[in-house]
Structures are given as C-alpha cells and as structure tokens.
Amino acid sequence: MAFPYRHDRPLRARPAYRRRARAGRAPVRPVAPRCPHVGHPQLHGDAARPAPRPGGCDARDDPPPHPDRFRMSDAAALPATDAAAPPWQRLHPATLALAIVQLGPRTLNFVPALAAIGIAGKWAYVAPVLLIFLLTSLVFAWLRWLRFRFLVSADEIVIESGVLSRQHRTIPFDRIQDVGIEQGLIARALGIAKVGLETGAGGGKENDAALNAIGLDAAETLRATIRAHRSIPAVAAAADAPEAAPAEDRLLFAMGPRRLLIAGLFNFSLAALAIVGAAMQFFDGLLPFDFNVFNPVDWIDLAEDYGLDSWLIAHRWIAGVGAAISLLSIGFASGIATMFFANWNFRLTREPRALRRTRGLTTRTDVAVPVRRVQAAILVTGWLRQRFGWHELRLQSLASDGEKEKDHQIIPFGTLAEIDPVLAEVAIDRPAPGGPWSHSHRIIALGGFVGAACAAIAGSVTVAVGEPIGWLAVAAAVLIALFAALSTRFHQWLDAGDRIAIRSGFWKPKTILLPHASVQSVDLKTDFILRPLGLATLVFGVPGGSALGAHEIPAIPIAIATDLRARILGRGAQP
C-alpha cells in the first residue's frame, strides 16, 4: 500500500503534528481525540519508510485522507433506492371514455344557462358556450386522470389525487373492512371496474376510498391481496391445529332465471306505468300527434271517430276488463324486468371472514358483508308471498351497502329452508314457530282510528256540500280503521335468551332478529296515553341503522319493559 507521505523515524503512538520548538511551547502538539489523523501510516499497520522532507524543515502539511477509507464506489454514489419497491400505477385510460359518457347528464344541468343566453337574444353564443363547456370538462377530466395515482405495497395502499390541491392518503390493509367491485354496462364493455375500499372510519362515506376505473383483473387481484393479508392472523392462530383443513369459499344461495321469473311475478309494480305516464305528460307538446294513452277523454274521442261509442257504452264491462288486464300486464312486466336487472346471476358465497354477494345484469356489484359486523337480521315478506312460503332476508351491518341501500339484501327471494343456513353463518337463529310470543296492547291502533276519523269527517263534509266524490273518502276511512284493528294482532315479540324477535305488519309482515350483544342502548318511552294504562314502548339503539325503521316493541306493560331492558343491558355489559 503506497502513501504520499512517509517519515524517516517512528512517531508517537498517538497522532500528532511535529512543529519547531520555541520558548514556551512543546515540540509536539497532540490532536484532539474526536479528530484523529486518519492518514497516518501506523494506523494501518505499515512501517515508516524514509521520505524526502518538504522544504528542509520538520513541519509538514496535513496528508490527504487515506484513499481506501473515504473513497465512494460508483454504486454507493447512487441514491439509495429499494429495488423491491412497487411502482406507482394510474387508473385505466378508459376513465377518459367514461368521462365523455358522463358529459351527457352534466350537459343537462347546463341547459338552463344556455336557455338564459337564448332568451337574452344571444343565440349565436349558444353553440360556442356549449363547446367551451364540453372542452373544459374534458380537460379537467384528463387532468384528474393524470394527477391520480396509487401504489399497492405489501401491507398498504397509497392514493394521491387532486389537481389544484393534492391529497396523499395511506390505507393499511388491516383498516380495510371491505373491497367492493362494481361494473356498469359501459364498464363491462370496456373490461374495467370500480373498486370501493370501505375503511369503516367515522364520518360517513367520504372517509372511504375508491379507484373509479381499473382493469377487472387488477381489481380482483387487489381484492385477493387484501383478503390474503387479512387471513394471515387466522392462519397463524390455526397453526397449532394442523389437522383442521383451511376454510374454503362455499356457495350458500344462488338465483337462476326461473327463480328470477317467479320473484318478478310477486314483485308487482306499477312504476313503469307511472314513468311512461309522466313522460307522456312532459313531452305532450313535442309529439307529432295529439293523443295521450293515459287520458280517457282521448279514447272516447277516438271511439266516436270510428263509430264505436255506442258499442263501448253497451259493453263497458269489456273495456273495464281490458283496462285491468293492461294494468296487470304492465305491473308484472315491470316487476320481472326490475328483478332481472337487479339480481341477474345472484350468488351468495361464504368466505373465511364475510358473506360475499354478487349480482346485476347491467351494473354488476360485488359486496362483502363481514360476519362480525352483522348487527341484526330482518325477514320481510308479503301477504301473498307468505302464503307460498317466500321470504326476503336482509342483514343490518356496520358495513352499510352505500347510500342506496342501508341494509344488505342477502336473499331477495327464498324459502325459510334456504334462509336458515345463512342465519346460522352469522350466528342468529330463527326462533321456533311455536314459541311463547307476546302481543302488544291494542292501543297501538289508536293512530289508525284517528286517521280514519279524519278521513270520514272530510268525506262527510264533501258529500254535504253536494260532491258525491266524498263517499270515496268515507269508504277509505272504513278500510283504514279495519287495517288498523287487524294489524294489532301482528305486533308480537319474543325474548329467546340471547336475542329478541319482533314481528309487525299485516300487508307486509316483518320479523326482526336482534341479538342482545348488538343493542347499544334501550330507551323506555311513555306518553300521556300509555302512562295511565301502565304501558311503555322499548326502542332499541342498534349501530348501522335500518332502512325499514327503528327497532321497537310498542305498548307493553311497563314492569315487563323495565325488566327486559335491565336484562338486555346487563347481558351486553358482560365481557
């Protein structure tokens, strides 16, 4: 090893500088320990060799640092990077195509501004303003796509978004409660999907994240990655039991075309009739003919033009039957179409941690319901459906199904034999049919009687002033009173040990299965009507909320209500 400076004599053991001796100072000046002379040859175990003295004196300049001590290699000079770091990804380029499709509804919101320009007499500016609006929307859509990127690492997902204000969000896989995949009609044609990441954070849906358009394969891979990460603790906990087989996905319920057809027949709806009628009224002035199929006067005029007026008067019962058949046909067709579009290829699968539901014809949705987050089960049926044994199962969960549906529709149309295995998966059993059900007091019909009395009074006043149509209000009052009196027989409740069951409804019966552990609060309410009768109403506070109303037991003896409230809250307080 060669050194640029050598000495002809050994130096002191510690690094030092030699300097000329003068009065009052030592010839050797020690170097501070924190700054050693790193270039000294004896520090590297080399013997000193003679070397020419620079300038004929024994003082020397500082030698340069040892070359093999601080020299940086080419690899070390490069910035430190992680070779295994995943790359940033962007949304699918088809996002821009979706933005173009979405311009249609947005342009409708811009129509009033265009109309205002036209009313002001500036028709020449309508087309340029519309063109500027469309171009601006496309530019902003492109900027949003360009500035949006995400990164999927081993245990988290990072999302950066925003054009003017940037947002950087990191979501650990452990915080993700559900990964939902949704495909609209256009998205399915383009092979992309929307991925929703539900974190369960407080504050509503704005705290969740979404990847609006990524490839369907990438969406399924991302969901599998998150599921595999969340399954690691379960696998580690089962490591002590090697004989137990790993849990596999199991199909619990499915609906084929035949089941969908039957469900559509029971899903009678006149929604299509209302939509067509409203459209006919709205576009009446734009039609090339002056005829409205929903206006009886137009039909009468048409019959007079063809000389059929006398025949219709003589056979008016045939016209009534024809009108009824038309309404029934429209109602059944609307129900069948709604069921096919919403629940095509319906599949309910049991996964290690959740129940996964996939369905939809034009819009394909993929939603998971974590089993541990299920708070209550709700069985819904109809007066006619119940006679044939068909029911609907909904699950109230902390992981709500978005703003469109607060409860998860797990089984849209099935029998109790198909529903019971699904209830067993969420540990909520249906009580036995012959259980000791208790009834609410008949005072709950008072509200219906008051409404019927008001209708009867209004109808009587109308008849008294000479309007025969008031008899319809009187007949409606009688029906309201009958339904109110009949519905009191169907308000029942049952305490089944670890859960409570509540029945209600005559025309659309509903059964709520509510575990005691899901109840966060129980309110005992009385008023000036219930208090003199010694009655009270129990209102149960359950997280998640239900689209079918609050869970309550109305008008039961106050002593029973107090005891039931204490038992439910006491059981919930246990560890």
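Side chain of Thr365 to main chain of Glu182: no donor-acceptor pair is present (N/O by atom type, distance under 3.5 Å, no hydrogens or angles). Between the side chain of Ser334 and the main chain of Gly331, no donor-acceptor pair closer than 3.5 Å is present.
In this structure, Val539 and Thr537 have side chains that are in contact, with non-hydrogen atoms separated by less than 4.5 Å. In this structure the side chain of Met255 reaches within 4.5 angstrom of the side chain of Phe253, judged on heavy atoms. Proximity of Val152 to Phe173: side-chain heavy atoms (C-beta onward) are separated by under 4.5 Å at one or more points. Between Ile336 and Asn267 there is no side-chain heavy-atom pair separated by less than 4.5 Å. The side-chain heavy atoms of Leu416 and His391, taken from C-beta on, include a pair separated by under 4.5 Å. Under the 4.5 Å side-chain criterion, counting only non-hydrogen atoms from C-beta, Ile192 is not in contact with Ile214. Taking the side chain as every heavy atom from C-beta outward, Ile411 and Leu252 never approach each other to under 4.5 Å. Side-chain atoms of Phe266 and Met339, non-hydrogen and from C-beta on, never get closer than 4.5 Å to each other.
Remark: Ser438 pairs with Trp493 by the side chain to side chain contact (heavy atoms under 4.5 Å, CB included) rule, at least two apart or across chains. Take Arg259 and apply the salt bridge (charged side-chain N to carboxylate O under 4.0 Å, His left out) test, not counting sequence neighbours, and it matches Glu418. Scanning for ring-ring contact (aromatic ring centres under 6.0 Å, His included) contacts around Phe490 gives Phe506, with sequence neighbours left out. Listed by chain and number, the residues in a side chain to side chain contact (heavy atoms under 4.5 Å, CB included) with Leu524 are Thr526, Ala536, Leu538, Ile558, Ala561, Thr562, Arg565 (sequence neighbours excluded). Looking at residues two or more places apart in sequence or on another chain, you find a ring-ring contact (aromatic ring centres under 6.0 Å, His included) between Trp344 and Phe340. In terms of the side chain to side chain contact (heavy atoms under 4.5 Å, CB included) criterion, residue partners of Ile443 (sequence neighbours excluded) are, by chain and number, His441, Leu446, Ile529, Leu530, Leu533, Leu535, Ala555. Applying the side-chain hydrogen bond (donor to acceptor under 3.5 Å, both in side chains) criterion to Arg356, with sequence neighbours excluded, gives Glu351, Asp366. Every residue meeting the side chain to side chain contact (heavy atoms under 4.5 Å, CB included) condition with Asp563, not counting sequence neighbours, appears here in chain and number order: Arg567. Residues that satisfy the side-chain hydrogen bond (donor to acceptor under 3.5 Å, both in side chains) test with Asn212, not counting sequence neighbours, are absent from this structure. Thr488 meets the side-chain hydrogen bond (donor to acceptor under 3.5 Å, both in side chains) test with Arg442; sequence neighbours excluded.
Other residues, nucleotides and ligands contribute only 12 or fewer heavy atoms inside 6.0 Å of the CZ atom of Phe341. The neighbour count for Leu251 CG, taken as heavy atoms of other residues, nucleotides or ligands under 6.0 Å away, is above 12. By the 6.0 Å contact criterion, CZ on Arg258 is open, its count of non-hydrogen atoms from other residues, nucleotides or ligands being 12 or less.
Rounded to the nearest 0.5 angstrom, Ile378 CD1 and Thr511 OG1 are separated by 10.5 Å. Taking CZ of Phe449 as the start and CD1 of Ile444 as the end, the distance is 10.0 Å to the nearest 0.5 Å. Separating the CD1 atom in Ile568 from the OG atom in Ser518 is a distance of 11.0 Å, to the nearest 0.5 Å. Taking CZ of Phe268 as the reference point, atom CD1 of Ile330 lies at 9.0 Å (rounded to 0.5 Å). If you take CD1 on Ile157 and OG1 on Thr170, they are separated by 10.0 Å, rounding to the nearest 0.5 Å. Here the CD1 atom belonging to Ile512 is positioned 9.5 Å from the CD1 atom belonging to Ile553, to the nearest 0.5 angstrom.
Between Trp507 and Phe483, the two ring planes are perpendicular [angle over 60°; tilted spans 30° to 60°].
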When you look at Thr358 and Asn345, which way does the side chain to side chain contact (heavy atoms under 4.5 Å, CB included) test go after all the steps? CA-CA 8 Å; Thr358 56; Asn345 197 19; over 6 Å; no
If you apply the rule side chain to side chain contact (heavy atoms under 4.5 Å, CB included), what do you find for Leu395 with Asp407, and how did you get there? CA-CA 6 Å; Leu395 294 182; Asp407 305 319; over 6 Å; no
What verdict does the side chain to side chain contact (heavy atoms under 4.5 Å, CB included) test give for Ile262 and Phe413, after you've listed the backbone C-alpha separation in whole Å, the side-chain angles of each residue and the deciding distance to 0.1 Å? CA-CA 9 Å; Ile262 298 175; Phe413 194 79; 3.8 Å; yes
Please step through side chain to side chain contact (heavy atoms under 4.5 Å, CB included) for the pair Lys510 and Leu379, ending with a clear verdict. CA-CA 6 Å; Lys510 177 180 65 174; Leu379 287 171; over 6 Å; no
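Considering all non-hydrogen atoms of both residues, Ala445 and Ala484 come closest at CB-O, 3.4 Å. The minimum heavy-atom distance between Leu393 and Ala377, with the atom names listed, is CD1-CB, 4.3 Å. Of all heavy-atom pairs spanning Gly459 and Ala473, the tightest one is CA-CB, 3.6 Å. The two residues Ile480 and Gly448 make their nearest non-hydrogen contact at CG2-O, 3.5 Å. The two residues Ile419 and Gly414 have their closest heavy-atom pair at CD1-O, 4.2 Å. Across every non-hydrogen atom of Glu392 and Pro412, the tightest pair is CB-O, 3.5 Å.
Sorted by first then second residue, the side-chain hydrogen bond (donor to acceptor under 3.5 Å, both in side chains) pairs that include residues 457-476, not counting sequence neighbours, number zero. Within the structure, side-chain hydrogen bond (donor to acceptor under 3.5 Å, both in side chains) pairs that include any residue of residues 420-433 comprise Arg250-Glu425, Arg350-Glu425, Asp420-Arg430 (at least two apart or interchain).
Gln396 pairs in a side chain to side chain donor-acceptor pair (under 3.5 Å) with only one of the listed residues (His408, Gln375, His551), which is His551.
The closest side-chain donor-acceptor pair between Arg357 and Gln409, if any, does not fall under 3.5 angstrom. A donor-acceptor contact closer than 3.5 angstrom links the side chains of Gln492 and Arg503.
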